[in-house]
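All values reported here derive from a predicted model rather than from experimental measurement. The chains referred to below are lettered A, B, ... by the order of the sequence lines, with proteins before strands, and numbering in each begins at 1.
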Amino acid sequence: MALSGMRGLSVFISDIRNCPNKDQERLRVDKELGNIRTRFKNEKGLTPYEKKKYVWKMLYIYMLGYDVDFGHMEAVSLISAPKYPEKQVGYIVTSSLLNENHDFLRLAINTVRNDIIGRNETFQCLALTMVGNIGGREFAESLAADVQKLLISSSCRPLVRKKAALCLLRLYRKNPDVVNIDGWVDRMAQLLDERDIGVLTSSMSLLVALVSNNHEAYWSCLPKCVKVLERLARNQDIPQEYTYYGIPSPWLQVKAMRALQYFPTIEDPNCRRSLFEVLQRILMGTDVVKNVNKNNAAHAVLFEALALVMHLDAEKEMMSQCVALLGKFIAVREPNIRYLGLENMTRMLMVTDVQDSIKRHQAQIITSLKDPDISIRRRALDLLYGMCDISNAKDIVEELLQYLSTADFAMREELSLKAAILAEKFAPDLSWYVDVILQLIDKAGDFVSDDIWFRVVQFVTNNEDLQPYAAAKAREYLDKPAIHETMVKVSAYLLGEFSHLLARRPGCSPKEIFIIIHEKLPTVSTSTIPILLSTYAKILMHTQPPDPELQNQIWAIFNKYESCIDAEIQQRAVEYFALSRKGAAVMDILAEMPKFPERQSALIKKAEVAEVDSADQSAIKLRAQQQTSNALVVTDQHSANGPPPTVPAVGPLTLVKVPSTSGNAEHTSEGQALTQPNGTLTKIDPQTPSEDLLGDLLGPLAIEGPPGAAVQPQQNAVSEVGGVPSAVDGAAIVPVGEYSNSVQPIGNINERFYALCLKDSGVLYEDPYIQIGIKAEWRAQHGHLVLFLGNKNTSPLDSVQALVLPPAHLKMELSLVPETIPPRAQVQCPLEVLNLRPSRDVAVLDFSYKFGECEASPSSSSEQISSAYISVCRRVLSSMEISFRPPLKLQEVVRGVRPLPLAEMANLFNSFRLMICPGLDPNPNNLVASTTFYSESTRAMLCLIRIETDPADRTQLRMTVASGDPMLTFELKEFMKEQLVSIPTAPHGPTAPPTPPVAQVAQPTSPVKALTDPGAMLAAEWSFEDFGLVTRKKSVNGSFLVLVMDGQSLASFRPNNKAEPNK
Amino acid sequence: MIHFVLLISRQGKVRLTKWYSPYSQKERTKVIRELSGVILSRGPKLCNFVEWRGYKVVYKRYASLYFCMCIDQDDNELEVLEIIHHYVEILDRYFGSVCELDLIFNFHKAYYILDELLIAGELQESSKKTVARLIAAQDSLVESAKEQASSISNIIAQATK
């Protein structure tokens, strides 16, 4: 044993091990990282040995869970070291730290290629191993041919060739074209003649990948696979070292059989015969043995043989032999074998005419449902679900129901969903179905999704015979002392619709029904109250002749909820109250619900997608999942426009209209992303980092979307009048993606955006799950914004991603957004903004999150991925020094202005931080405002605006804007024009009386900085003159003082005279 | 194919990670955290397979160490279970009755050996003898480079005396 000692490394590891706690460990690691960093910086002093040692230390630190990104480059650079020891470390550490998407890898491609085509066998091995482990597309393109050459070369030793085979397999996975060369198939077939089992094993893996994609091309390999299998099964010519516990390479056997499963059939009778001989031998000759490893290896081969037999659709005799074997397996104590027995039996279900023999094992399978191992329970549940049909449904479903009360939480949702589906699919009679679902809700209410009770309502409504029975059952459940809220919902609904059918039974008079339902009201949440109100209305309607006492009671309830804060409840209360006074006309309006159109069960659809859903969140499949995310749509299409998920899809008048869940409707039809925004989205920066997942999601769309598509109808109505693009400063919220997004924003996001243009803090976006607030502070051109992300729910929001796409003139930096927002928690994300130059473009905040039931078992949890893309921004307004030449001063007559009283306009200006300077202009119909605009390019710059209004026609005005920068002047003018033309509706709310502008200006807190620069003073004076104030200036003898306040500027006029015409 | 290999101690400390599918740093950390929670909490005498996010994780405990390999749902579980054992046997032969400490202080050796066993998430060599031979050859290469280096430095030292 040659353990090459690296003392420094051992010492470091010992130190870490001696750390009593995590903090100490962190300290030690930080110290080491600091050391490594400085050592790497002065690279000259590093010997190759030291370099190697530090790179190993880094890998160790990385395994401890610390970030070692800074050292990636060092690891990669070791690859090009000339000596084996360093090169080896470089290759192995690189392939452990990086993944195929890492940029640094590109730097290594040339070295890697040289190693592969070089003569040094050990270097070849190192390079092939790394490429095989982390090679990406680029490697595939530049190295595949060389790797292929090594694989088929007769001069290479097996140790190189087996690595080349797997390396090629990797490259093939990245780019299937790499093997498309003439004569490749023959070469592949030749590889299967290989005597060396190492090379053969690797080649067989390669073949499996090739045939899984395209078996047609590789027919010639089929007989060779059978040959290999025969050779192994007969133990011919297998070196001793390749037998594993006496079994000739079980791995190669498994792989050969796997390859054969990708060919649809085996036509050649000889070949088929010899294969079946082998299979028969495996099926018959595998016994349970004491040695665990031998047993496992033998059964690995056996299960693969079973799979191949199933695939080949062997004769009936062989099949029943398989079923018998599996039956034996599911009864053994060894958990692995039992697990695999159950799993393979589920696969076996696909083979026709063995179902009956599988059913014989039902009792045994049900036992496994109570196994202590959840893996086994899952398999048993799957198998029971798969084998259920009309003949055994009753037994199986009852078994599942019984198990439900004791099942662990991780499985309950899946279990109840499966039970509900089976009950629906195979119900021998409908009343049994109703029984099952009600029991299900009773036993596992929390795990019964809305779909389940929607479905039972649908059934009952559509089947008249069932109605009295269902109503009676619902009534019975209400007698129980504590029932789940879902039960309240379903029984209230059923009794509302059908309780009149029970009227003659004891305890079922309208009044009694009302009382018992009303007892539950204090215990339920707001989503249930609307249903209860509907039920009351229906009960009232069915009470003929009217019972005045009941009527008064119900009316009192309606009255009480008329002022409820929940809009849905309020509306229902108001409407039912009004309707119930209409007398006979109500009969029509509140008549029974018509039958629902027949549709595929939402549950079954859900079960179909459950597999996709639970598939995985890994990097590889995440992309695929994004494409299939439409599959999460649970109900029919109209759910796409359904109300937000927290409110059941129930219209106030029609009562339960569509039992759609609406929750999972998810259209991330990104292509339309840009066609819907409200027009404030003017620009999406195409430099979206594409490594970022979210960037992936959005990047392409952002680019696809025509930039000109920004101006949208909603906005056009207003903005066309003025003929200005509707770009706005401030915060714009744009829901990219259709409104069909299951998650609907609360409140008009446009309005919110406009409101935020006028304020420094407020709510930027809100939907049923999340609220995003924003708070801004500006200091010259530096803005400090804070995003407040608040989770409104009792379960966490996952996969939270936020990305700010700044327009060209803003530099924005968003701090890390946590991936998960805990229930009912608020997190703050600072956002630093630097204003570079004047512009009206707004930044966009892309925001997405996932809302899922956290306790749900992964295979059936219904997750809602909702995305709301919000654009945000706030521009620093302000600016400058005054202009001397025409481009610095612009004048324009604006028409089509929304008429505003002067005071209100002044208020609006103030809220844009354009400080009104009363008294500067003698004409009371004019406004003069000034501000300082800060940006990197302009620095602090004074801006002046003068508005001349016409008291006779408030829809037009003349605007003069001046500043020291032509671009700023133009942008500011356009901005003001937009604001005056398309003033947001009620930014302040009608109740807040506009503060007189004078008051605002009259309270300058403290002048932070007096503009002492005489040039600026002069300029200011000049400009005031330019603004028609000459007379006035003269009169006050030129005593202007321009005060520049922090973040906002105030041109204050020190009046010697008190002749203030304005107010 | 095997998507990744993890060695986790009973205390949840990571002893080795090898990723054959591209996972970002963040995902790696998440996977490790999630899986150690699932696997370490499983009692004895349960089966060696855990269903996880649409994949299967085949794991086996050896003394205080859990060896885990993540595979696709339709891969052959027992085959992978025996790959784990095969790996452990090779480690055992190399270190001479391997224990967790060997793997902590010589974690790089565990990486070398794993690279001789698996590439691209597939088994490349099923002979213990061959792997042992290759690792021994690597070790001697490193040793001879070291001797060479020290002899060169001796020569330089003597020449500059």
Side-chain angles (χ1 to χ4, degrees), chain A residues 1-4 10 13 17 56 60 63-65 83-85 88 92 96 99-101 122 129 132-133 159 162-163 166-167 169-170 197-198 201-202 205 241-242 244 249-252 254 293 296-297 299-300 303-304 335-336 338-340 372-373 375-376 378 614-620 858, chain B residues 3 14-25 27 29 43 45-55 76-79 81-83 85-86 94-96 104-109 111-112 115 119-120 122-130 134 136 138-143 145-146 149:
Chain A
M1 183 170 69
L3 298 182
S4 58
S10 303
I13 295 174
R17 284 179 56 75
W56 275 124
Y60 191 80
M63 280 201 300
L64 292 174
K83 293 241 171 60
Y84 180 79
Q88 181 194 33
I92 207 155
S96 302
N99 74 28
E100 65 179 55
N101 302 319
T122 50
T129 305
N133 286 338
L159 85 143
K162 68 185 183 192
K163 287 181 167 44
L166 290 179
C167 184
L169 162 59
R170 166 97 191 186
I197 307 284
T201 307
S202 301
S205 292
E241 55 180 296
Y242 283 99
Y244 182 81
S249 184
W251 297 287
L252 183 53
V254 166
N293 302 104
N296 285 342
H299 281 86
F303 278 112
E304 205 60 49
N336 287 339
R338 202 163 58 217
Y339 174 93
L340 292 171
D373 187 345
S375 299
I376 291 180
R378 284 232 163 89
S614 72
D616 73 274
Q617 332 281 322
S618 88
I620 339 148
Chain B
H3 294 283
V14 180
R15 299 301 179 206
L16 177 143
T17 60
K18 188 88 185 175
W19 309 85
Y20 297 103
S21 292
Y23 289 84
S24 73
Q25 190 52 54
E27 290 165 328
T29 323
K45 291 191 189 156
L46 303 184
C47 70
N48 294 97
F49 321 123
V50 171
E51 295 169 19
W52 172 78
R53 297 213 209 159
Y55 292 107
N76 191 315
E77 297 89 345
L78 287 176
E79 176 204 30
L81 189 59
E82 289 316 293
I83 291 181
H85 187 71
H86 185 51
Y94 182 81
F95 288 102
I104 293 172
F105 283 97
N106 295 289
F107 67 98
H108 49 305
K109 296 292 176 188
Y111 277 98
Y112 291 143
D115 265 3
I119 289 184
E122 304 282 349
L123 183 73
Q124 69 158 318
E125 185 53 77
S126 54
S127 153
K128 290 192 269 285
K129 220 164 148 189
T130 311
L134 292 172
Q138 284 181 12
D139 282 345
S140 68
L141 263 177
V142 174
E143 279 303 309
K146 213 166 148 195

For [X], is it the side chain, the backbone, both or neither that has a heavy atom under 4.5 Å from a heavy atom of chain A?
| X | answer |
| --- | --- |
| B:E77 | side chain |
| B:Q25 | side chain |
| B:L81 | side chain |
| B:F49 | both |

Sub-6.0 Å ring centroid separation between B:Y112 and A:W56: yes
Which atoms of [X] come close to chain B, meaning under 4.5 Å heavy atom to heavy atom: side chain ones, backbone ones, both, or neither?
| X | answer |
| --- | --- |
| A:L252 | neither |
| A:L169 | side chain |
| A:T122 | side chain |
| A:R17 | side chain |
| A:S249 | side chain |

Short side-chain donor-acceptor distance under 3.5 Å, B:N48 and A:N296: no
Exercise: do B:T130 and A:E241 side chains pair donor with acceptor under 3.5 Å: yes
Listed partners of A:Y244 passing ring-ring contact (aromatic ring centres under 6.0 Å, His included), at least two apart: A:W251
For B:E125, salt bridge (charged side-chain N to carboxylate O under 4.0 Å, His left out) partners two or more places apart: A:K162
Pick from B:K45, B:Q124, B:K128, B:K129 with the largest number of heavy-atom pairs that fall under 4.5 Å of chain A: B:Q124
Chain A interface, residue from B:T17, B:T29, B:V50, B:L141 that has the most non-hydrogen pairs under 4.5 Å: B:L141
Flag side-chain contact, heavy atom, 4.5 Å: B:D115 against A:N133: yes
